[in-house]
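Read through the structure below, which is laid out as structure tokens, and then see the notes.
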Amino acid sequence: MSIFFLFFVPYIVTAVFNGMDTTLINRKFNVEEVLPVLIAGQIGDSYELETIKAQAIIARSNIYRKISEEKSLSDILMQIRDQVHIDSVHSAVMQKNYETAVIATESRVITWAGELKTVPYHELSAGRTRAGEEVFHSDDSLYLKSVQSSVDKDSKEFLNCVYINKNVLPEIFQIKSRDSAGYVMEILADGKILEGESFRKGMGLTSANFTVQNKGNRVRFLCRGRGHGMGFSQYGGNEMAKKSKTAEEILDYYFPGSEIEKISNDFRSESLSCS
């Protein structure tokens, strides 16, 4: 077992049985110790090392972004604990790629004009990632650009059919609008407007990029891609990695206008203070 997990496992055990406050008193929080297990729950071990390294940079960036927004460290640790499952711990211990990816990208984060922002990721796009401005209708999301990821269509997981009985769906059901990447934005349901992404989660659909077809007493949802479709496509990034692209090159493609930089020691020490 590596040095990461000799530190991390007792850390989680303390958090589970004694609470985060006790954990913070007894141990100094270290992002790098947490990351291998965290990313093991975000991306499979069959991915290329460069893809896992890209995911490590994304995960680190999202943690530091929360810290930079002066979120409670206790709350952040609770969120991390909720994302860590026993399968993730087992995968991280058994597969060296997770630890290797964290070590190779130590302290590296994604920024836009020097600013940490939310860095979204998903398993598989519908052929093009989504523009943040269209999804969130906010200037704060302009940094998330839509990019082609047509290689995703080659995945065996690209199409997924879900059949839902009509009696659990609204009587009047109509797709009202889509974004430029084809994802359903709004649904008209019995006179009410439903948000596409919320609907797909509630119905257990793999993607909000779907078409609808009546099939007797059931409705068929044909979904394209897997996940919300914003930011980093793990499948698309992995195909780039297979062609010898580095983690930095992959992230530069999916996040145009971003930069990879090292988080400063001053920021790290100040932000991780428990006071």
Side-chain angles (χ1 to χ4, degrees), residues 42 58 61-62 65 69 110 112 115 117-237 239 250-258:
Q42 296 177 347
I58 288 173
S61 302
N62 285 330
R65 192 246 331 149
E69 293 176 349
I110 307 176
W112 282 263
E115 184 178 352
K117 295 180 179 290
T118 299
V119 191
Y121 62 91
H122 58 284
E123 185 177 344
L124 182 68
S125 82
R128 186 176 187 87
T129 65
R130 307 174 72 182
E133 182 183 14
E134 290 184 306
V135 176
F136 299 110
H137 306 290
S138 168
D139 289 345
D140 293 338
S141 302
L142 288 173
Y143 70 97
L144 291 175
K145 306 297 183 182
S146 175
V147 301
Q148 285 286 350
S149 193
S150 55
V151 69
D152 292 3
K153 296 179 181 179
D154 297 333
S155 170
K156 294 178 181 179
E157 304 293 328
F158 180 70
L159 292 177
N160 180 266
C161 282
V162 177
Y163 290 85
I164 299 177
N165 289 330
K166 287 184 176 179
N167 59 8
V168 302
L169 291 169
E171 186 175 345
I172 299 175
F173 181 88
Q174 180 182 357
I175 295 174
K176 191 171 186 294
S177 65
R178 296 178 183 268
D179 65 14
S180 60
Y183 289 79
V184 174
M185 293 291 295
E186 293 181 320
I187 296 168
L188 183 62
D190 291 341
K192 297 180 179 179
I193 299 297
L194 303 179
E195 194 268 329
E197 187 64 19
S198 297
F199 177 82
R200 82 97 176 169
K201 289 180 179 179
M203 291 292 106
L205 306 180
T206 56
S207 166
N209 189 317
F210 58 77
T211 54
V212 180
Q213 186 178 12
N214 288 315
K215 293 286 186 179
N217 64 347
R218 298 189 300 171
V219 173
R220 185 186 77 163
F221 291 84
L222 179 61
C223 305
R224 295 169 178 80
R226 303 182 74 88
H228 52 59
M230 288 180 287
F232 176 49
S233 166
Q234 293 175 331
Y235 181 91
E239 292 303 300
I250 293 169
L251 292 175
D252 181 64
Y253 177 78
Y254 281 99
F255 299 101
S258 68

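Worth saying up front: this structure is predicted, and the values here are computed from it rather than measured.
Looking only at side-chain heavy atoms (C-beta outward), Asp140 and Leu142 stay at 4.5 Å or farther from each other. Residues Leu169 and Met203 meet the side-chain proximity criterion, which asks for heavy atoms closer than 4.5 Å. By the 4.5 Å heavy-atom criterion applied to side chains, Leu205 and Phe210 are counted as neighbours. Contact check for Leu251 versus Val119: no side-chain heavy atoms found under the 4.5 Å cut-off. At least one side-chain heavy atom of Gln234 sits under 4.5 Å from a side-chain heavy atom of Tyr121. Side-chain contact between His122 and Phe232 is absent, with no heavy atoms from C-beta onward closer than 4.5 Å. For the pair Pro120/Leu144, a side-chain contact is recorded, criterion being any heavy-atom separation below 4.5 Å from C-beta on. Looking at Thr211 and Arg224, their side chains come closer than 4.5 Å, going by heavy atoms from C-beta outward.
Under the 3.5 Å distance criterion, the side-chain polar atoms of Ser258 are matched with a main-chain donor or acceptor of Phe255. A donor-acceptor contact shorter than 3.5 Å is absent between the side chain of Asn165 and the backbone of Val168. Side chain of Asp152 to main chain of Gly236: a donor-acceptor pair is present (N/O by atom type, distance under 3.5 Å, no hydrogens or angles). Here the side chain of Asn62 pairs no donor or acceptor atom with the backbone of Thr118 at under 3.5 angstrom. No donor-acceptor pair closer than 3.5 Å links the side chain of Thr129 to the backbone N or O of Ser146. Under the 3.5 Å distance criterion, the side-chain polar atoms of Ser61 are matched with a main-chain donor or acceptor of Ile110. With hydrogens and angles disregarded, no donor-acceptor distance shorter than 3.5 Å links the side chain of Glu134 to the backbone of Ala181. With hydrogens and angles ignored, the 3.5 Å screen pairs a side-chain donor or acceptor of Arg130 with a backbone N or O of His228.
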List the atom pairs, donor and acceptor, that lie under 3.5 Å between side-chain atoms in residues 213-222 and the rest of the protein, sequence neighbours left out.
| unit_1 | atom_1 | unit_2 | atom_2 | d |
| --- | --- | --- | --- | --- |
| Gln213 | OE1 | Arg220 | NH2 | 2.9 |

Would you mind writing out the side-chain donor-acceptor pairs for residues 188-196 within the sub-3.5 Å range, not counting sequence neighbours?
| unit_1 | atom_1 | unit_2 | atom_2 | d |
| --- | --- | --- | --- | --- |
| Asp190 | OD1 | Glu171 | N | 3.1 |
| Asp190 | OD1 | Ile172 | N | 2.7 |
| Asp190 | OD2 | Glu171 | N | 3.3 |
| Glu195 | OE1 | Glu197 | N | 3.3 |
| Glu195 | OE1 | Ser198 | N | 2.7 |
| Glu195 | OE1 | Ser198 | OG | 2.7 |
| Glu195 | OE2 | Glu197 | N | 3.2 |

Steps toward salt bridge (charged side-chain N to carboxylate O under 4.0 Å, His left out) verdict (Glu69, Arg65): CA-CA 6 Å; Glu69 293 176 349; Arg65 192 246 331 149; 3.2 Å; yes

Side chain to side chain contact (heavy atoms under 4.5 Å, CB included) between Ser141 and Glu133, worked out: CA-CA 5 Å; Ser141 302; Glu133 182 183 14; 5.6 Å; no

Phe136 vs Met230, side chain to side chain contact (heavy atoms under 4.5 Å, CB included): CA-CA, chis, key distance, verdict: CA-CA 11 Å; Phe136 299 110; Met230 288 180 287; 3.5 Å; yes

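With a 6.0 Å radius and a threshold of 12 heavy atoms from other residues, nucleotides or ligands, Lys176 has its NZ atom at or below the threshold.
The salt bridge (charged side-chain N to carboxylate O under 4.0 Å, His left out) check on Arg226 picks up Glu123, Glu157, with sequence neighbours excluded. Residues forming a side chain to side chain donor-acceptor pair (under 3.5 Å) with Asn209 (at least two apart in sequence, or on another chain): none. Under the side chain to side chain contact (heavy atoms under 4.5 Å, CB included) criterion, Asp154 pairs with Val151, Tyr235, sequence neighbours left out. Residues satisfying the side chain to side chain contact (heavy atoms under 4.5 Å, CB included) criterion with Tyr253, sequence neighbours excluded, are Val147, Gln148, Met240.
Heavy-atom minimum distance, Tyr254 versus Ser149: OH-OG, 2.8 Å. Closest non-hydrogen pair, Tyr183 versus Gly227, comes out as CE2-O, 4.2 Å.
Remark: Leu124 CG to Ser233 OG distance equals 5.5 Å, nearest 0.5 Å.
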